[in-house]
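Structure first, commentary second.
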Amino acid sequence: MNISFDPWVWIGALLTLAIFSFLYRDNPFYKVAEHIFVGVSNGYAVTFYYHNILVPTLFNPLFRGRLILIIPFIIGALYFTRFIPKISWLVRIPIGILMGYGIGASIPATIQAYIIKQVQGTILTPYNFQRWHAGSTGIIWSAILFLGVICVVSYFYFSREQKGILKVTSRIGIFFVMIGFGAAFGYTVMARVSLLIGRLQFILGTWLGVIK
Amino acid sequence: MKFVERMLKIDRRIIYLILAIVVILPMLFNVPLRVRVMEPVQKLFNAVEAIPPNKAMIINFEYDPRDVPELQPMALSILRHAFTRRIKILVLSLYVQPLGMAQSALTQITEEFNKNAKTNADSILYGRDYVFLGWQPPPLVPILGMGESIANVYKTDYYGNKTDTLPLMKRIKNYRNVGLLVSLSSSDVPRWWIEYAQNRFGLKVGAGVTAVSGSEFYSYLQTGQFSGLMVGMKGAAEYEEMIASELHIKARRKASESLPSLTYAHLVMIAFIIIGNIGYFIKGRKK
Amino acid sequence: MKRTLPLILVFIVGIMGIIPFLIPHPAVQKTDDFFRNDIMKIVAAFALVLGLGSLIRVHFDKIKRHRENWQYSWVLLLTFAVTSIIGLFGGVAGTGPLPTHISTFHFDIQSIYLNVEVPLGSTMFALLAFLMASAAYRAFRARSPEATLLLLSAFVVMIGILPFGDQISHRLPSFAQWIMDVPNVAAQRGILLGVALGMLATALKILLGIERNWLGGGGE
Amino acid sequence: MTLIFLAFTVALAPPTDLKAYDAPDDGGGTINIEWQLSPDDAVLTNYEIYRSDNGVDFEKINFIGNGKNFIQDETEDNKQYYYKVAAVQDTIRAFSGISTPVKSSAQWIDRNKLNIFIALAIFGFIILYYIYHARKGKELYIRKIAGLQAIDDAVGRATEMGKPILYTTGIGYIEDIATIASLNIIGEVAKKCAQYNTRFINPHSDPIVYTVAREIVKEAYSSVGRPDAFDPDSVYFVTDSQFAYAAAVDGIMVREKPATNFLIGWFRAESLIMAETGASTGAIQIAGTDQVSQLPFFVTACDFTLIGEELYAASAYISKEPLLMGGIKGEDFSKLIIGIALIAASIIGLLTKFPVLNLFK
């Protein structure tokens, strides 16, 4: 039993306990921890945005005469029009720019990552069979995968009532989905418990020093 | 009936309490749990064994205090393995935070070995058996530069010695003298070693990663880009199992000691799921 | 005007977002670079002010009207103020004009981050170990075929990845892995394909101004 | 003496047929260099790459481990370069022949990406075609979506219990489609809250999403003729830190005890933290996200979950906007095409030697 004397360790430990106490019920300790968390994270955000974005990418270059940066400066400033009712609609300009660019850029990315790549991985070809490193059974696995994908997609067919063949396939589809979800859930448990063990080692070891 | 009702709605706090107990208790007694070693870890162990005597191993520490419970045990095992087999070690980080982790691991293991070393020959000496190269930003500079000359990238080591004066560095010039690189990381770094160091210089790469990031890395093992892989506490425990059974090293097995907590946590969840279902079925029949 | 101008902007900027994928030529890539690394970053950074404005107003209001738990709003506002001041004037590395250590005790922004935000964050994350347990207990009941499958596959995987699952049968771990690799991947792919088409449709609707909900109310 | 010298030079076989050419489909500034490995590859230290702009005096510009026969060199566009490669063993070098002169240049089209844009053209056309049709007032059928039926009852229930409704759009940005879909639903939920006069709580983790949501909710209240009922503090920003946000939402859930929690949008690991806390307060929970990794947790912890595309469908369905509904019909038709493509490609892949996978790089 050799307890820590580092004030930061104490702060970290007390905050940790405060969060855990929430599992029993909401209480003043949790409330304090929660409000500290929100306060500090916003303070850190302010620091980060100022020192790591505004200063290096806007102010410094601007004062070094990179006048083109006045454009983003003005666009950004338009956010503040929100507080001026008469011209508050101008706030749509910076929002529109961020959203438009983000969405535009996401279109090809989505098609590549979510459609083309997924289709490529599903097609039944000798190459895809070997990918399993499962020898002759590879073909069966690919076939199951193929069937599963088709059925799951059919579950998301909205513009027809789920009758007849569509009813069958979408039912199989939802079975695949449920198996997948269950597996993903079970697989995650170990990762989460590891995190818990990590926190407990901090409490019992670093702070209290009851375990080595 | 009353009892069945209770089976169906157990207060969550009871579940939490029991879970907490089964996780904490084993931590106090540190009884290691034996595991069967799975292929990914077996491969990594063999890869380390296969390092020829004239080549060194690079250990890349790339984790911060958050990941110590999962990754530090891996680091200790790898170091123990290397020093027992007299494999020369170079230690480095691509970022500054992990240096502390590396330092503490090195001190612990070197003391552990030198404690019962009698002659100069069988003790672990800095500069002869291992070198702590430290940190040299930006990340890509060392990853690529060490392909030509390690000493040029790290002019001085972590302690400020001129690298080329260290006896070990006279023999270990670049990746050609490196048998294996093991990257212990919770981030993307193991991928970089493959993309740059392996694709360009054919460097063998192994990795130890956290359970959270584990699933992303399995594919690299399948394609053979990783010579071996440790995932989470279980992976670390398996490696501890290897050095205990193969090299007969008697040492703390921190990861294996966490396994009981992991296992019991799973079992508790499973138990409660079963209880819930039993209650559900009995009730179903009653209706 | 108040609606058309933003809509036109969205369309133009959207196209600017798409083409760099197809055209590697520097003429295009360099403009895209400037757009992404300068304009976007800066514009996004300014937005934080809107958020903080709201946060501060809400909590001062709470304090003023003595709403329930108003005392804690002081905690929030104070920690926020202190952290910001230390961060802004103490500098990222604690090298700013404001002194950030008393003898050996450092309270620069990084130490605050590492010793306050990180423990809080990882503890919230660790709560999941408990929450998964209660969620599983409540939800994993064999009510329907679907629920049963959910329950069973969770079971197999949970046991399969444990050392003790391996003692039951050497097949179990590989079976668990199989579930992860085949049915699980099939489900994810199926969902992703649908998601992708939905994203594509929504994206097009936004860029073409068919979907203009985001403009909110006010002024034609 | 000369003998020994000769002995050295013949000792090592050089790499052969060296090819240097402008890297295709790139933004210029790169030349690809290829060669046949030296027969002595196994014993080499590495290969050294030499460059010259006049074909006479070469300088070493790069090197690469043995076993490798390809490297890229950064160059100035439209400037002529000559290359040669040496097989190196310690101090011994065996040079290949000199490459033909080559210039690097930028291309205007990346052909590897063409398939993406073909797909974009096809699907885009289909979707827009159906939207256009819908505009002509064609009646479109969309099957029931469980989560949606629930929304009405949810608000009603809250009113009866005199409890508020909590709505979170997750931690996504405004350009995340899931966020946008969520913002379509939030308007409708807000309208109902305005009608039933139910308190509406809407904390945010992104300042821009917050700004937009605020406008939408405000609009919703005035659209049902109760602008006065809109409480400006009901829509507010908390923090952009993932877990701090989760902590705050948890706090709201246990203190305000909402009758219904809507968790609809873009989520990461905090999804279960919020969903399970909400469940513990006995609230009805309606979740929806396109984040496949988080769906398992929503499905376990919530009463209704909009899975992936259902979320988008919902946002169109709920607004009853024919234009938005048209999109869904288009998506369905696109699914048919994907299915057909999968089957066709598989048949080709199974029966022929045609490298069908390369169509989907």
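Just so it is clear: chains get the letters A, B, ... in the order the sequence lines come, proteins before strands, and each one is counted from 1.
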Contact origin within A/Ile211 toward chain B - heavy atom pairs under 4.5 Å
side chain
Does NZ in A/Lys167 sit with more than 12 non-hydrogen atoms of other residues, nucleotides or ligands closer than 6.0 Å?
no
Verify the neighbour count for atom OH of B/Tyr264: are there more than 12 heavy atoms of other residues, nucleotides or ligands below 6.0 Å?
no
For atom CZ of A/Phe29, decide whether the heavy atoms of other residues, nucleotides or ligands shown that lie under 6.0 angstrom number more than 12.
no
When you compare the side chain of A/Leu23 with that of B/Arg13, does any pair of heavy atoms fall below 4.5 Å?
no
Rounded to the nearest 0.5 Å, the CG atom of A/Leu195 sits from the OG1 atom of B/Thr210 at a distance of 8.0 Å
Chain B contact via A/Phe202 - which portion, at a heavy-atom distance below 4.5 Å:
neither
Crowding at CZ, A/Phe59 (>12 non-hydrogen neighbours, <6.0 Å)
yes
The test is side-chain contact (heavy atoms from CB on, under 4.5 Å); show your working for B/Leu262 and A/Ser194 and say whether it passes.
CA-CA 7 Å; B/Leu262 269 182; A/Ser194 307; 4.0 Å; yes
Assert top hit (heavy-atom pairs under 4.5 Å, partner chain B, pool A/Val193, A/Thr188, A/Ile203, A/Leu196) equals A/Val193
Of all the heavy-atom pairs spanning B/Ser261 and A/Ile197, show the shortest one and how long it is.
CB-CD1, 3.8 Å
Separation between OH of B/Tyr16 and CZ of A/Phe22, rounded to the nearest 0.5 Å
9.0 Å
Is B/Arg66 in contact with chain A via its backbone, its side chain, both, or neither, using a 4.5 Å heavy-atom distance?
neither
If you measure from CD on A/Gln201 to CD1 on B/Ile24, what distance do you get to the nearest 0.5 Å?
12.0 Å
Under 4.5 Å from any heavy atom of chain B - which part of A/Arg192
side chain
Looking at A/Ile139, I'd like to know if its CD1 atom is crowded, meaning that more than 12 non-hydrogen atoms belonging to other residues, nucleotides or ligands lie closer than 6.0 Å.
no
Just wondering, are more than 12 heavy atoms of other shown residues or ligands nearer than 6.0 Å to OH in A/Tyr114?
no
Quick one: of B/Arg252, B/Glu257, B/Lys234, who has the most non-hydrogen atom pairs under 4.5 Å with chain A?
B/Arg252
Do other residues, nucleotides or ligands put more than 12 heavy atoms under 6.0 Å from B/Glu49 CD?
yes
In terms of heavy-atom contacts, does CZ of A/Arg160 have more than 12 from other residues, nucleotides or ligands at under 6.0 Å?
no
